Colleague: 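Input: one structure, supplied below.
Sequence lines set the chain letters: A, B, ... in the order given, protein chains first and strands last, and positions in each chain run from 1. Keep in mind that this is a model prediction, so the values were computed, not measured. Values below: all heavy atoms of this structure, side chains included; hydrogens, waters and symmetry mates excluded.
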Amino acid sequence: MVRVIQTLLTWYQEYHRKMPWRETSDPYKIWISEIILQQTRVQQGLPYYLRFIGKFHTVSDLALADESEVLKLWQGLGYYSRARNLHKAAKIIHQTFHGRFPENFDEIALLPGVGDYTASAIAAFAFNLKTVAVDGNVKRFAARWLGVDIPIEKQLFVQRIKHELLEVLGDSPDSNLFNQAIIELGATICTPTNPSCSRCPLQETCVAYSNNHQTILPVITKKLKPQPLNIVFFAIQQLDCWWVVQRDESSVWANLYEFPNREVNALEMDPVVLLDEITGNAVDSKSIKILGFKDFKHQLSHRSIQARCWHFSIEVEGDLPKSWVRLPSAAMGEIPVHRLMEKMMEYVRVWK
DNA sequence: AATACGGGGCA
DNA sequence: TGCCCAGTATT
């Protein structure tokens, strides 16, 4: 075991990629990076991390911001509850810990948006606590290296590899480096397809390699098919202004803004009839000019969205729903929106 | 234990 | 297309 960890750390120090959140021991920066990197590739998350740290230098800066500011900075990254929980957690740290990041595992794990992986990662990377941070990379590497054929989404699998990896770590003082190393190994060598076994520092002791089981491990049984969802949007223009609504807190794209819309069974509904339904006949049909429509396909992890965006202009509004907000086009860039909304704003040329 | 929750890159 | 990414919260 001593031999293994020594080999691993030596490999890591020579070959690891340089990343800004590994050049610091500031728990705030490490925390931000770990939240951003949840289910997100380094390449995609890096610019967001730099912008975040650039705008909010400390946890208190973040705590004192508006949620919309935080969501705006998160725009396009997905899983927006991460941003809302990040903001909530910052307020907790600011208020109950007076801006000082908690330094023990249990207090870290209590923060909203921080689960077992993230708490372990912060504990190891910021405070060098003895723990194992199990993410997707570590699961894949451990399943192969230890030859564990329990499906990786089972609790028993995580229990098993955590126990074994903790034993590998042993009494080493390098929990920080060890955790960085196994994650980096999974990300760069022990990849999902075509792992680079020839370059792997742990090839000699790898169970999967010795049995030629790299392609059948890890065992993954889950697979949910995205369900179809049809939505008709209305991009309603009044001279240089647009109408938008904010989504509610308990749905996809929570708290983000978008054009008024309605879920439908089929996209081919009469748009004027649909608009009357949504507004309660608030808009005089003679006041409506139809400027065109465009269809969009948008893939989420759990939904296959087909959207139709109608471009209307109206002269005068009637008694529109209270939740509708009219914004000048200049203000449309200030509100947090989802990717589909970005595409639709481009279609109707909100900014000319 | 299962499901909701984004978006992008790549075979 | 389908897979998977430095996962978590909710049911």
Colleague: Has H302(A) got a side-chain N or O lying under 4.0 Å from the OP1 or OP2 atom of dC5(B)?
Modeller: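 Affirmative; the distance criterion is met.
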Colleague: Tell me the interatomic distance from L229(A), atom CG, to dA4(B), atom P, rounded to whole angstroms.
Modeller: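 Those two atoms, CG and P, are 12 Å apart.
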Colleague: Ignoring hydrogens and angles, state whether a donor on the side chain of Y15(A) or E184(A) is under 3.5 Å from an acceptor on the partner side chain.
Modeller: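 No.
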Colleague: Mind checking if V114(A) touches a base, just sugar-phosphate, or nothing, with heavy atoms under 4.0 Å?
Modeller: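 The answer is sugar-phosphate, as V114(A) gets under 4.0 Å only of primed atoms, P, OP1 or OP2.
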Colleague: Quick one: is dG7(B) close enough that its OP1 or OP2 comes under 4.0 Å of any side-chain N or O from H298(A)?
Modeller: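 Yes, such a contact exists.
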Colleague: What's T40(A) touching, base or sugar-phosphate or nothing? Going by heavy atoms closer than 4.0 Å.
Modeller: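 Counting heavy atoms under 4.0 Å across all strands, the contact made by T40(A) includes a base.
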Colleague: With sugar-phosphate meaning primed atoms plus P, OP1 and OP2, does G45(A) contact a base, only sugar-phosphate, or nothing at under 4.0 Å between heavy atoms?
Modeller: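 Result for G45(A) = nothing.
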Colleague: In whole angstrom, give the distance that lies between atom CG of N255(A) and atom C1' of dG6(B).
Modeller: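 Spelled out: CG on N255(A) to C1' on dG6(B) is 15 Å.
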Colleague: Tell me: CD of Q75(A) to P of dG8(B), nearest whole Å?
Modeller: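 It is 11 Å, rounded to the nearest whole Å.
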Colleague: When you check the phosphate oxygens OP1 and OP2 of dG7(B), does a side-chain N or O of W253(A) lie under 4.0 Å from one of them?
Modeller: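 So the side chain of W253(A) is within the cut-off, an N or O lying under 4.0 Å from OP1 or OP2 of dG7(B).
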Colleague: Rounded to the Å, how far apart are Y48(A) OH and dG6(B) P?
Modeller: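 Atom-to-atom, Y48(A) to dG6(B), this comes out as 13 Å.
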Colleague: Can you check the distance between dC5(B) and dT1(C), where both ends of the measurement are the P atom (answer in whole Å)?
Modeller: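 These two P atoms come out 22 Å apart once rounded.
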Colleague: Is the base of dG7(B) touched by the side chain of S301(A) through a donor-acceptor pair closer than 3.5 angstrom?
Modeller: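 No.
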Colleague: Around atom CZ of R262(A), are there more than 12 heavy atoms from other residues, nucleotides or ligands closer than 6.0 Å?
Modeller: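 Enclosed: over 12 neighbouring heavy atoms sit under 6.0 Å from CZ of R262(A).
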Colleague: Quick one: K223(A) NZ to dT3(B) P, roughly how many Å, whole number?
Modeller: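 For the pair K223(A) NZ and dT3(B) P, the rounded distance is 13 Å.
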Colleague: When the distance from CD of E153(A) to P of dA1(B) is rounded to whole Å, what number comes out?
Modeller: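 One finds 11 Å between P of dA1(B) and CD of E153(A), rounded.
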Colleague: Other residues, nucleotides and ligands only: do more than 12 of their heavy atoms fall within 6.0 Å of CD on E204(A)?
Modeller: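 No, the 6.0 Å shell around CD holds no more than 12 heavy atoms from other groups.
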Colleague: Between the protein and nucleotides 9-11 of chain B, are there any N/O to N/O pairs under 3.5 Å, and if so, what are the atom names and distances?
Modeller:
none

Colleague: Base, sugar-phosphate alone, or nothing: which one does I220(A) contact when heavy atoms must sit under 4.0 Å apart?
Modeller: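 I220(A): backbone/sugar contact only, no base atoms under 4.0 Å.
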Colleague: Please find the earliest and latest nucleotides of DNA chain C, in the 5' to 3' direction, that have an atom within less than 4.0 Å of any heavy atom of chain A.
Modeller: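 Footprint of chain A along DNA chain C, 5' to 3': dC4(C) to dA9(C).
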Colleague: Knowing that exactly one of I161(A), L166(A), V168(A) qualifies, which makes a side-chain contact (heavy atoms from CB on, under 4.5 Å) with V132(A)?
Modeller: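 Of all the options given, the one that passes is L166(A).
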Colleague: Could you check R339(A) against R303(A) and say which one's nearest nucleotide on DNA chain B is further toward the 5' end?
Modeller: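 Result: R303(A).
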Colleague: Same cluster or not: are M341(A) and Y79(A) linked, directly or through other Ile, Leu, Val, Met, Phe, Trp or Tyr residues, by side-chain heavy atoms under 4.5 angstrom apart?
Modeller: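 Looking at the clustering, Y79(A) is in a separate group from M341(A).
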Colleague: Answer with yes or no whether the side chains of D106(A) and N104(A) bring together a donor and an acceptor at under 3.5 Å.
Modeller: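 Side-chain D/A pair, N104(A) to D106(A): absent.
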Colleague: Roughly how many Å apart are dC5(C) and dA1(B), using the C1' atom of each and rounding to a whole number?
Modeller: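 Each nucleotide's C1' atom is 23 Å from the other's.
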Colleague: Only distances under 3.5 Å count here; give the side-chain donor-acceptor pairs of residues 345-352 of chain A to other protein atoms, sequence neighbours excluded, each with its distance to 0.1 Å.
Modeller:
from: Y347(A); atom 1: OH; to: F293(A); atom 2: N; distance (Å): 3.1
from: Y347(A); atom 1: OH; to: F293(A); atom 2: O; distance (Å): 3.4
from: W351(A); atom 1: NE1; to: S329(A); atom 2: O; distance (Å): 3.2

Colleague: Can you tell me the distance, in whole Å, between the CG atom of L224(A) and the C1' atom of dG6(B)?
Modeller: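 About 15 Å, once rounded to whole Å.
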Colleague: Tell me if a side-chain donor or acceptor on N230(A) pairs with a main-chain N or O of N265(A) at a distance below 3.5 Å.
Modeller: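 Answer holds: yes.
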Colleague: Quick one: stems involving DNA chain B, counted as three or more successive Watson-Crick or G-U pairs, both distances short of 3.5 Å.
Modeller: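 Only these stems qualify: B:1-5 with C:7-11, B:7-11 with C:1-5.
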Colleague: Mind checking the P distance from dA6(C) to dA11(B)? Whole angstroms is fine.
Modeller: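 Pairwise P distance, dA6(C) against dA11(B), rounds to 15 Å.
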Colleague: Are there over 12 heavy-atom neighbours, none belonging to K91(A), within less than 6.0 Å of that residue's NZ?
Modeller: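 No, the 6.0 Å shell around NZ holds no more than 12 heavy atoms from other groups.
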Colleague: What residues, two or more places apart in sequence or in another chain, satisfy side-chain hydrogen bond (donor to acceptor under 3.5 Å, both in side chains) together with N85(A)?
Modeller: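 side-chain hydrogen bond (donor to acceptor under 3.5 Å, both in side chains) list for N85(A), sorted by chain: empty.
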Colleague: What is the distance, rounded to the nearest whole Å, between atom CG of N85(A) and atom P of dC5(B)?
Modeller: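 So the two atoms are 14 Å apart, to the nearest Å.
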Colleague: Could you go step by step and tell me if F101(A) and F97(A) meet the ring-ring contact (aromatic ring centres under 6.0 Å, His included) rule?
Modeller: CA-CA 7 Å; F101(A) 207 97; F97(A) 296 102; 8.5 Å; no
Colleague: Starting at the 5' end of DNA chain C and moving along, which residue's nearest nucleotide shows up first, Q39(A) or Q299(A)?
Modeller: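 The answer here is Q299(A).
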Colleague: Sequence neighbours left out, cut at 3.5 Å: what donor-acceptor pairs do the side chains of residues 169-177 of chain A make with other protein atoms?
Modeller:
from: S172(A); atom 1: OG; to: D174(A); atom 2: N; distance (Å): 3.0
from: S175(A); atom 1: OG; to: L129(A); atom 2: O; distance (Å): 2.6
from: S175(A); atom 1: OG; to: N179(A); atom 2: ND2; distance (Å): 3.4
from: N176(A); atom 1: OD1; to: Q180(A); atom 2: NE2; distance (Å): 2.6
from: N176(A); atom 1: ND2; to: F125(A); atom 2: O; distance (Å): 3.4

Colleague: Counting any heavy atom closer than 4.0 Å, what does R140(A) reach on the DNA or RNA strands: base, sugar-phosphate only, or nothing?
Modeller: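 Sugar-phosphate: the residue R140(A), judged by heavy atoms under 4.0 Å, touches backbone atoms but no base.
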Colleague: Provide the distance between the two P atoms, one in dT11(C) and one in dG6(B), to the nearest whole Å.
Modeller: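 The answer is 15 Å between these two P atoms.
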Colleague: When you check the side-chain N and O atoms of S304(A) and Q227(A), is any donor under 3.5 Å from an acceptor?
Modeller: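 The answer is no; no qualifying pair exists.
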Colleague: Let me spell it out: for each of P226(A) and A121(A), pick the nucleotide of DNA chain C with the closest heavy atom. Which residue's pick is nearer the 5' end?
Modeller: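 Nearest-nucleotide comparison on DNA chain C picks P226(A).
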